[in-house]
Each structure stands twice: as structure tokens, then as C-alpha cells.
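Dumping the structure here so I can ask a few things about it.
Letters A, B, ... mirror the listed sequences (proteins, then strands); counts begin at 1.
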Protein chains: 2
Amino acid sequence: MSQASNRLEKRDQLISTAFSLFYRYGIHAVGINQVIDVAGVAKRTLYHHFDSKEALIAATLVYRDQQFRTWLEARIEQAPPGEGALLAVFDALDDWFNERDEAIMPFHGCFFINTCAEYTDPQNVHHQQCQTHKRLVREMLFRHAYQVNAERADELSQELVFLKEGAIVQAHVMADPQAALVAKGMAKRLLQSYAT
Amino acid sequence: MSQASNRLEKRDQLISTAFSLFYRYGIHAVGINQVIDVAGVAKRTLYHHFDSKEALIAATLVYRDQQFRTWLEARIEQAPPGEGALLAVFDALDDWFNERDEAIMPFHGCFFINTCAEYTDPQNVHHQQCQTHKRLVREMLFRHAYQVNAERADELSQELVFLKEGAIVQAHVMADPQAALVAKGMAKRLLQSYAT
DNA sequence: ACACAAGTAGACAGATCGGTATACATCCAC
DNA sequence: GTGGATGTATACCGATCTGTCTACTTGTGT
């Protein structure tokens, strides 16, 4: 094992461990000692890679943003372009909620919604990272909405975002395994009304 | 000041103070000492009324559930029955998000969604209190949806819940003041498709 | 060969956590 | 008028928090 790969490994171990714990138990509920114990890494090593817990939090948000969008993008591109792609979003959500896709397991709600719940002030640096993530996902939907209805792609992607967020909350809070399918039904009718 | 009224006052002061702090900063981020300092009450008094922080959390959830549903019910009943009542929900949300209604100010997202973000396990006792709240709100919508389309009131109220949750998340995470109006537009089209 | 970057274990600091204990004041009901 | 419920203030408990520190090991590049 080379030094360089070890360096990256430890850093990534810390981020992925921190993410898993933060995601499951919430950020404030998880201490630095718990992170290093689970990651199997010395405290000194954590503070070598990150200035503070805040920096580690920021890194987990970047990590999850990348992971989530990569996953969703891949799921969407397996579907036919346009309407098919947009409906594929809800099939992807369905697999996420019901933990049928290893790439995105487990499901404990949206990490970014959850983080905003702990940092409610929109000026907070972590809250703003969450806004950035949501903006990037919206842009992804926009690109596909543009194929369906170029003129009204902004509206359409916005409304699909509402259905997506509603589904995530319903799936998590109510532990409703059907949430994505209900949202998909709504999306189908929405897409009909946008069909050119 | 009588003993009885004092008794209730202190207990209620603690609950309403705890709610405000939990709502703004998150539950895990707020300590018992902060609650008693802001409430202006001795620690002994808190532990006289509540066995533990957990018990105080449970009480704030009951308090907010009551407050929120009373508020929403009142807002809905000012509108004409049926479709008007259901659309009034989104006008109410609009006032909530933009802090135009003193009875429900301030806005930091949905306390119950936020609480589920800190207690992600659906088996957790606080998470289940949140489910109960959401179920009761859904029942409120169901009663009015029943006036619009008795046969499909279940579906309709379910879909309106999705729009409501989507709007709350969008308003909070993205600090989007328009969220309720977007959802209202979607609800209007939804109601058209359910019109008998 | 040696300097340096990255790692280890673990003690420690100072603050804060939830919760308990002590000692005393107030007020109402019986 | 006394007992019990409710309140005050404050000290204290053991645990845990984030973050620092010492002392040592390991592997790489020059």
C-alpha cells in the first residue's frame, strides 16, 4: 500500500464513515470520537485531514452530493430521453426508498433536507451547501424537461422538484414504501399537461 | 397569582421556550441549561414537571401539533367548503412561509419533518409522534376532500399532502418565498382533474 | 541515509451535557 | 397551622464534547 493511496484511503474512510453516521443519527448526535472509532482511525489523523468537525461536515456534504447526483444521472440515462427520463427519476426514488439499489442504500430521508433541519438558518454555511445540491439536481431535471417542453422547462422542472421532495418526505416521515409511485402517478399527469 | 395558575404557567413556559429553541436550532443542539435560562426557570422546576429531556421533547411535539392543527383548521374554515377550503391550505402555507401570520411565526421548516431528520428511525418514539401529527393533518384534508369527491377523497388528500410537504421543503431549504404559490397552482390543476 | 509526510495510541484540557442533591421560600388546602 | 406541592438558587456528579498534545512508528522520495 503506497503512502499516497493510504493518504486518500484514510481521508475517504473518514468522510464515508462520517456520512453514514451523520445520515443515520443526525450530525449533532454524532461525536468525533464515534466517527474515529467506527472508521478505525486515530484522532490525530482526523485532525490532520480536517481542521474541525465543521470541515468534516462540509466534506460529507460534498461527498453525498457527488454520490447522489452520479447515481441519479446514471439511472436517468438508462431511460429513453425526455419524458422517459423524467419518469425514471421516480423509479429511481422508488428503489432508493425501498433499498433495492445498493449504490444508494440505505434510506433515511434526504441528507440535505435533514441537514437543513439541523441548521435551519438559510445563511448557515451547511444550509447553503444543501441549497447548492438541490440547485444542481434541479438543473439535471431541467435538461431533461427541456427535451419535453423547451419553453416551459423551468416550470416543469420546478414542479417535478416539488413532487420529488414531497415523495422523499412522505417516504421517510411516514415510512411509506409507495411514496415514489404516488409521485410518479402525479408526474405522469403533469407531463401530459406539458406535452407539446 | 394563584398556585394553580403558576403551576401551569411554568410548565407551559418551559414547553413553549423549548419548542422555540428546538425549532430554531434543532433538538440535539439545544441543552437543558439553555432552555431553563431562556425560560427563566430553575432546573429543579424543569425536572419537577418532566422526567427527562426526552419527556420535554415529547411535550413540545404535542404542543406544536395542537398549535399547528388549530391554526390550519381555523384558516381552512374561513374559506368556502370543498375546493375553496383545500386551496386555502396553500394560502395559509404562503402566509406561514412569509411570516405574515403572527399565530404561526416564525418559519424554520416543519418541526415534525425536522424532528424526523434528527430521529431517522421510524420506530423511534419521537418519529412516531411526528407520524401521528401528519396523519391528523391528512385526516383534516380528507374531510374537505370528501366534499369535492367522496369516492376519491383518499387519493386526493394523499396527493395534496405531497404538494404540501414539497412546498414546505422548498420554502425552507431553498428559502423560496414562492413555494406555496407554485404548489397552489399545481393543486388547482389537481382539483380540476378530480372535479365531479 | 535521511528528512518528511502520514500514521498510531492515548493522555489531557476546558467546556458542556443530562440529571441529582441540598437548602430554603412560598402558598394553598385541610 | 401544618403538610405538601411548587418554586428558587446553586453546587455537584459522571459522562461526553471538540480539540490539542506528546511520543512513537512507518513508508517514500531524493
Review point. Using a heavy-atom distance cut-off of less than 4.0 Å, which residues of residues 30-48 of chain B contact DNA chain C?
Key: B:V30, B:G31, B:I32, B:N33, B:K43, B:R44, B:Y47
Point to revise | Atom-pair distance (NZ on A:K53; C1' on D:dT16), nearest Å | key: 12 Å
Check your understanding: So, are A:R69 and A:E139 salt-bridged, with charged N and O less than 4.0 Å apart?
Key -> no
Exercise for review: Would you mind listing every side-chain hydrogen bond (donor to acceptor under 3.5 Å, both in side chains) that reaches into residues 28-46 of chain A, with sequence neighbours excluded?
Suggested key: A:H28-A:E118, A:N33-A:K43
Revision key, fill the gap. Taken to the nearest whole Å, NE2/B:H28 to P/D:dC17 is 11 Å
Point to revise | Residues clustering with B:Y146 (ILVMFWY side chains joined when closer than 4.5 Å, directly or via others) | key: B:F142
Review point. How long is the line joining CZ of B:R11 and P of D:dA5, in whole Å?
Key: 17 Å
Point to revise | Separation of D:dG19 P from A:F50 CZ (nearest whole Å) | key: 13 Å
Point to revise | Residue pairs involving residues 15-29 of chain B (criterion salt bridge (charged side-chain N to carboxylate O under 4.0 Å, His left out); sequence neighbours excluded) | key: none
Exercise for review: Let me know the distance between CG of B:D51 and C1' of C:dG18, rounded to the nearest Å.
Suggested key: 13 Å
**Study point:** For atom CG of B:L14 and atom P of C:dG19, their distance in whole Å
**Key:** 14 Å
Exercise for review: Any pair with a residue in residues 76-97 of chain B that passes side-chain hydrogen bond (donor to acceptor under 3.5 Å, both in side chains), sequence neighbours left out, goes on the list, sorted by first then second residue, please.
Suggested key: B:R75-B:D95, B:D91-B:K184, B:D94-B:N98, B:D94-B:R100, B:D95-B:R100
Exercise for review: Rounded off to whole Å, could you give me the CD1-to-C1' distance for the A:I57 and D:dG19 pair?
Suggested key: 14 Å
**Study point:** For A:A85, all residues meeting side-chain contact (heavy atoms from CB on, under 4.5 Å), sequence neighbours excluded
**Key:** A:I76, A:H144
